[in-house]
Engineer: 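Sending over a structure as structure tokens; questions will come in a sec.
Numbers restart at 1 for each chain; the letters A, B, ... are given by sequence-line order, proteins then strands.
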Amino acid sequence: MDFLHHTLDNGLELVAEVNPQAYSASYAFFVRTGSRDETAEISGVSHFLEHMVFKGTPRRSAEAVNRQLDEISAGSNAFTSEEQTVYYATVLPEDQGKIVALLSDMMRPALRQEDFDTEKQVILEEIAKYDDQPPYGAHDKCMTAHFGQHPLGRIVLGTQRSVGNLSREQMLRYFQSRYSPRNIVLAGAGNIDFPRLIDQAAEHCGSWQSFDAPRPLSRAAWHRGFTVLEKPLATQEYVVQIANAPAAADDDRYAARVLATILGDDKGSRFFWELIDTGLAEHASIGTNEFQGSGIYMTYLACTPDETAANLQRMADIVQDAEANGVTQEELDQAKNKICAQIVLSAERPANRLFSVGNGWVQRRQYKTVREAVEAYRALTLADLRAVLQKYPLSGCTTVAIGPLQELAEPH
Amino acid sequence: MTQKIHTQVLNNGLVLLAEEMDWLESAAFALLVPAGAALEAASQAGLGHLTCEMVERGAGERDSRQIITDLENLGADTSSTCSNTHTSFGGAMPAESLEAVLSIYADVVQRPHLPEDQLEDARLGCLQDVRALEDDLSQKLLLELRQRFYADPHGRSALGTVESLTALTHRDVQRFFQTVYQPRGAIISVAGKIDWPRVRQLVEKLLGNWQPTTPEVTRELPPPRGYRHLLVDSSQTHIGLGYEGLPYADQDYFQLRGAVGVLADGMSSRLFTEVREKRGLAYTVFAMCHSLKDRGGVFAYAGTTAERAQETLDVLSAELRKLPQGITAEELGRLKGKIKRSLILQQESSPSRAGSIAFDWYFLGRVRPMAELSKIIDELTVESINDWLKKHPPGEFTVVTLGREPLIMPV
């Protein structure tokens with residue numbers, strides 16, 4: 001497997017992990033833009049724009065885009081996060097030319113008024129859908145509570161109000177300030193013809209005008225808080241907690257992920273044995289999420305309202321015990337075995353590798369082979385985990401609870 | 001697409017299936033035990049679910065904790081679930097772990113401890129799942145649709161209810177395990193980087209002495225069908241619609257599958273275009289073929305805000321009724337390409353092949369090679385599908401809606 005890199009004259013970067021044995025090839029445009037690049041006024045525009053990218057270009061109607069994706073791809077989609085908007089597709093290797101031409105054209109959308117008005121309804125339906133669905137926006141609300149006015153506190157979907165008020169002109173201005181080739185990476189994984197990819201990208205993307213698309217990386221000021229929001233529709237209580245964790249470029253992120261696995265993985269973790277195996281909760285887990293300049297641990301609890309306060313106390317006790325006494329070598333070994341096997345298994349599909357390769361480049365300008373990723377975990381020691389817990393304690397967190405409860409006791 | 005597929009039926013009735021995929025580093029397995037919710041007594045809804053929770057709480061020489069610790073150290077990512085027809089275990093792992101993982105699951109299905117002191121924990125876990133369903137409105141709707149369409153026992157949800165789960169005893173779990181966890185009707189499939197002679201020997205050794213039983217067949221009730229509204233004060237109204245389909249083994253199954261594919265597969269499909277792209281009525285809209293062994297259904301879904309729910313239902317049912325006017329060559333061409341690409345991509349995934357060959361055996365009594373499936377897809381024509389649709393137009397819809405207001409059924 002080879003890693004290849006190329007930069008076009010206008011600054012568009014191409015990166016690919018090439019495996020000539022693969023049955024498929026996956027491609028994606030990673031645009032370095034997301035909710036943290038928005039203002040309150042245009043909250044939700046990155047995600048809305050992601051939808052509009054599928055609504056046609058000066059050369060293609062919306063129907064033509066959908067039809068052609070269906071004609072060549074074995075799966076295509078897009079997503080928007082705090083920091084990225086990603087458009088991806090998996091195809092058979094012989095269709096590289098077609099998919100690169102199509103995705104490239106899509107990246108210069110027409111943004112027609114009529115399509116904008118119809119698609120706004122779809123976005124409002126999407127917001128309504130999440131409003132009905134656990135955890136009822138608790139993740140977003142907790143991010144906002146934790147990051148406050150910092151751009152990482154903005155909600156990816158936006159609100160009924162911000163999206164409802166958004167104009168096509170505002171979206172166009174946003175597009176013109178963010179979708180610079182210098183701010184985009186074309187990533188690939190699998191059976192890719194890289195020399196031809198360079199030619200194809202040059203042909204279809206070479207004329208894109210380059211400009212600066214800076215992202216202020218101001219330091220986040222964190223706010224601890226404990227918020228309880230009543231949602232009469234809900235049966236279960238849902239709680240999200242956020243604590244600071246290593247950022248995207250911080251090598252401590254490996255230790256933080258292993259720690260999250262030991263304490264809060266879906267299965268086999270301390271949370272699992274205390275809360276899930278016993279039937280005290282429907283869900284109790286810890287995950288990590290890394291951004292530029294900041295990272296978070298996100299803890300998630302779903303359980304009956306009656307048990308919520310006691311469960312939060314149990315989780316706080318588990319975390320405090322780990323902070324005071326560390327974890328055991330057996331736990332560390334088991335977590336490493338689990339994580340490393342998952343990395344190797346998921347790497348069998350180019351569609352999965354695509355995100356590791358693209359994300360690594362966008363976040364860190366760094367490529368790691370599967371073996372290097374595995375070695376980074378294998379090398380961790382108990383001392384590394386202790387150090388990361390001291391630097392990023394899980395106990396100092398922001399909490400948002402949503403569900404039938406009107407009030408909830410804070411754990412001590 | 002030449003495949004190396006192996007089949008072995010053990011003396012006790014257990015079917016062993018294997019597919020060699022030498023280019024992978026992983027192996028995967030699926031173990032389908034014929035212990036589904038359809039075999040529960042009507043008053044014991046959720047017993048399969050509870051038993052599935054109990055069998056992994058210690059088996060053979062391992063206690064509950066040792067099972068999970070060993071699986072994780074082996075790098076095995078496994079799961080278990082109880083459906084209407086089966087209790088299934090399965091997962092993927094580095095190929096060298098396969099033998100050790102299979103021996104753990106051989107204990108789970110034959111020698112579980114079913115510890116009485118953990119019954120309450122397992123029951124609470126099941127009750128959590130029941131309560132979670134109350135908050136998962138689209139899933140709740142689809143389960144209700146299935147229940148009204150197929151009725152008892154095939155339409156049953158495997159989750160059970162708060163009342164039924166609360167009444168179950170340790171004795172019930174033991175009895176259910178003894179009568180329905182058995183090799184006759186069970187399937188074990190493996191796929192990936194495997195050594196077939198070794199796998200066959202191992203499975204013979206591990207599961208060859210598993211004793212068959214003869215469970216009672218549950219009596220079937222006539223399905224209620226028609227229309228039902230579930231009153232919930234939600235932002236969205238959820239719409240589910242079902243009509244008569246075909247079982248997977250039917251010779252015309254792919255005529256129906258082709259028609260439903262034109263309706264719902266991909267972003268250029270009719271439902272996506274008419275409901276979402278042109279009218280912006282819904283974020284999620286889909287339709288799918290569902291199959292039981294001897295019958296099938298087509299189920300469609302859309303989630304939309306209350307004010308636009310009636311229009312959404314009208315558009316959805318109009319698109320279904322329009323199908324017999326015919327599909328086009330372009331639509332079928334796109335669908336064929338999509339299905340064939342997904343077959344090629346299955347070769348990148350040992351769990352999807354392990355699942356596919358087990359699925360084939362359950363419905364067809366054999367593994368259908370991918371080349372044969374590919375030929376069936378090639379042979380579908382606009383004429384064959386349109387002829388079939390003319391003779392079998394979608395109609396007599398079973399409808400369930402969930403939201404603030406009931407809707408008016410389109411005529």
Engineer: Is it true that B/Asp70 and B/Arg62 make a salt bridge, defined as a side-chain N closer than 4.0 Å to a carboxylate O?
Structural biologist: yes
Engineer: Counting heavy-atom pairs under 4.5 Å to chain B, which of A/Leu280, A/Asp70, A/Thr118 comes out on top?
Structural biologist: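 Highest number of heavy-atom pairs under 4.5 Å: A/Asp70.
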Engineer: A/Tyr136 and A/Tyr130: aromatic ring centres closer than 6.0 Å?
Structural biologist: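 Ring centres of A/Tyr130 and A/Tyr136 not closer than 6.0 Å.
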Engineer: Quick one: do the A/Arg60 and A/Asn66 side chains pair a donor with an acceptor below 3.5 Å?
Structural biologist: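 Looking only at side-chain atoms, A/Asn66 and A/Arg60 do not form any donor-acceptor pair under 3.5 Å.
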Engineer: Pick one of side chain, backbone, both or neither for B/Ala282, based on which atoms fall under 4.5 Å of a heavy atom in chain A.
Structural biologist: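 Only the backbone of B/Ala282 comes within 4.5 Å of chain A.
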Engineer: Please determine, among A/Glu126, A/Glu114, A/Gln121, the option with the most heavy-atom pairs under 4.5 Å with chain B.
Structural biologist: A/Glu126
Engineer: What residue in A/Asp333, A/Thr235, A/Asp132 has the most heavy-atom pairs under 4.5 Å with chain B?
Structural biologist: A/Asp132
Engineer: Look at A/Glu331 together with A/Arg270 and state whether they make a salt bridge at an N to O cut-off of under 4.0 Å.
Structural biologist: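 Judged by the 4.0 Å cut-off on N to carboxylate O distance, A/Glu331 and A/Arg270 do form a salt bridge.
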Engineer: If you measure only the distance, is there a donor-acceptor pair under 3.5 Å linking the side chains of B/Gln346 and B/Ser352?
Structural biologist: no
Engineer: Among A/Ser76, A/Ala341, A/Ser24, which residue forms the greatest number of heavy-atom pairs with chain B at distances under 4.5 Å?
Structural biologist: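 Sorted descending by pairs with chain B, the first entry is A/Ser24.
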Engineer: I need the minimum non-hydrogen distance between A/Ala22 and A/Pro93, along with the two atoms involved.
Structural biologist: O-CG, 4.4 Å
Engineer: Select one option (side chain, backbone, both, neither) describing which atoms of A/Lys55 are under 4.5 Å from chain B's heavy atoms.
Structural biologist: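 Side chain only.
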Engineer: Can you tell me which of A/Gly279, A/Gly268, A/Ala128 forms the most heavy-atom pairs within a distance under 4.5 Å of chain B?
Structural biologist: A/Gly279
Engineer: So, does A/Thr308 use its side chain to make a donor-acceptor pair with the main chain of A/Thr304 at under 3.5 Å?
Structural biologist: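 Side chain of A/Thr308 to backbone of A/Thr304, a donor-acceptor pair under 3.5 Å: yes, one is there.
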Engineer: Side chain from CB out, backbone as N, CA, C, O: work out which of these in A/Glu119 comes under 4.5 Å of a heavy atom of chain B, or both, or neither.
Structural biologist: side chain
Engineer: I need the residue from B/Met93, B/Glu134, B/Arg131 with the largest number of non-hydrogen atom pairs under 4.5 Å to chain A.
Structural biologist: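 Looking at each option in turn, the highest pair count goes to B/Arg131.
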Engineer: Rounded at 0.5 Å granularity, tell me how far OG1 in A/Thr278 sits from CG in B/Asp121.
Structural biologist: 5.5 Å
Engineer: Side chain from CB out, backbone as N, CA, C, O: work out which of these in A/His51 comes under 4.5 Å of a heavy atom of chain B, or both, or neither.
Structural biologist: side chain
Engineer: Treating B/Arg353 as the side-chain partner and B/Glu19 as the backbone partner, does any N or O pair qualify as donor plus acceptor under 3.5 Å?
Structural biologist: no
Engineer: Return the option, out of B/Asp136, B/Asp135, B/Val232, B/Thr305, with the maximum number of heavy-atom pairs under 4.5 Å with chain A.
Structural biologist: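 Looking at each of B/Asp136, B/Asp135, B/Val232, B/Thr305 in turn, B/Asp135 comes out on top.
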Engineer: Could you look at B/Lys336 and say if it's the side chain, the backbone, both or neither that has a heavy atom under 4.5 Å from chain A?
Structural biologist: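 Neither part; nothing is under 4.5 Å.
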Engineer: To the nearest 0.5 Å, how far apart are CZ in B/Arg334 and OG in B/Ser269?
Structural biologist: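 Going from CZ on B/Arg334 over to OG on B/Ser269, the span is 9.0 Å.
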Engineer: May I ask you to name which of A/Gln21, A/His283, A/Lys129 has the most heavy-atom pairs under 4.5 Å with chain B?
Structural biologist: A/Lys129
Engineer: If you take all heavy atoms of A/Glu274 and A/Arg314, which pair is closest and at what distance?
Structural biologist: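 Heavy-atom minimum between the residues: OE2-CD, 3.8 Å.
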Engineer: With chain A, which of B/Ser234, B/Gly75, B/Gly125 has the greatest number of heavy-atom pairs at distances under 4.5 Å?
Structural biologist: B/Ser234
Engineer: Taking every non-hydrogen pair under 4.5 Å, which of B/Lys278, B/Gln236, B/Arg57 racks up the most with chain A?
Structural biologist: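 Most heavy-atom pairs within the cutoff with chain A belong to B/Gln236.
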Engineer: Given 3.5 Å as the limit, does a donor-acceptor pair link the side chain of B/Asp63 with the main chain of B/Gly58, or not?
Structural biologist: no
Engineer: Do A/Lys231 and A/Pro404 have side chains that get closer than 4.5 Å, going by heavy atoms?
Structural biologist: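 Contact flag for A/Lys231/A/Pro404 side chains = no.
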Engineer: Could you check whether A/Phe355 and A/Tyr88 have their ring centres less than 6.0 Å apart?
Structural biologist: yes
Engineer: Looking at B/Gln118, B/Lys338, B/His238, B/Glu277, which makes the most heavy-atom pairs under 4.5 Å with chain A?
Structural biologist: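 Sorted descending by pairs with chain A, the first entry is B/Glu277.
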Engineer: Is chain B contacted by the side chain of A/Leu124, its backbone, both, or neither, given a heavy-atom distance below 4.5 Å?
Structural biologist: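 For A/Leu124, there is no contact with chain B at all, as no heavy atom is under 4.5 Å.
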Engineer: Please classify the contact between A/Leu233 and chain B as side chain, backbone, both or neither, with a heavy-atom cut-off of under 4.5 Å.
Structural biologist: both
Engineer: Which region of B/Thr284, side chain (C-beta onward) or backbone (N, CA, C, O), has a non-hydrogen atom less than 4.5 Å from a non-hydrogen atom of chain A, or is it both or neither?
Structural biologist: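 Only the side chain of B/Thr284 comes within 4.5 Å of chain A.
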Engineer: Among B/Val55, B/Ile104, B/Thr81, which residue satisfies the side chain to side chain contact (heavy atoms under 4.5 Å, CB included) criterion with B/Phe89?
Structural biologist: B/Val55
Engineer: What part of A/Asp277 is in contact with chain B, defined as an atom under 4.5 angstrom from a non-hydrogen atom: side chain, backbone, both or neither?
Structural biologist: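 Contact with chain B involves both backbone and side-chain atoms of A/Asp277.
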Engineer: Quick check on the interface: out of B/Ala122, B/Ser235, B/Ser342, who has the most heavy-atom pairs with chain A under 4.5 Å?
Structural biologist: B/Ser235
Engineer: Give, as side chain, backbone, both or neither, the part of B/Arg65 having an atom under 4.5 angstrom from any heavy atom of chain A.
Structural biologist: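 Both backbone and side chain.
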Engineer: Counting only non-hydrogen atoms closer than 4.5 Å, does B/Leu71 touch chain A with its backbone (N, CA, C, O), its side chain (CB onward), both, or neither?
Structural biologist: neither
Engineer: Please state whether the side chain, the backbone, both or neither of B/Thr237 comes within less than 4.5 Å of a heavy atom of chain A.
Structural biologist: neither
Engineer: What part of B/Leu24 is in contact with chain A, defined as an atom under 4.5 angstrom from a non-hydrogen atom: side chain, backbone, both or neither?
Structural biologist: both
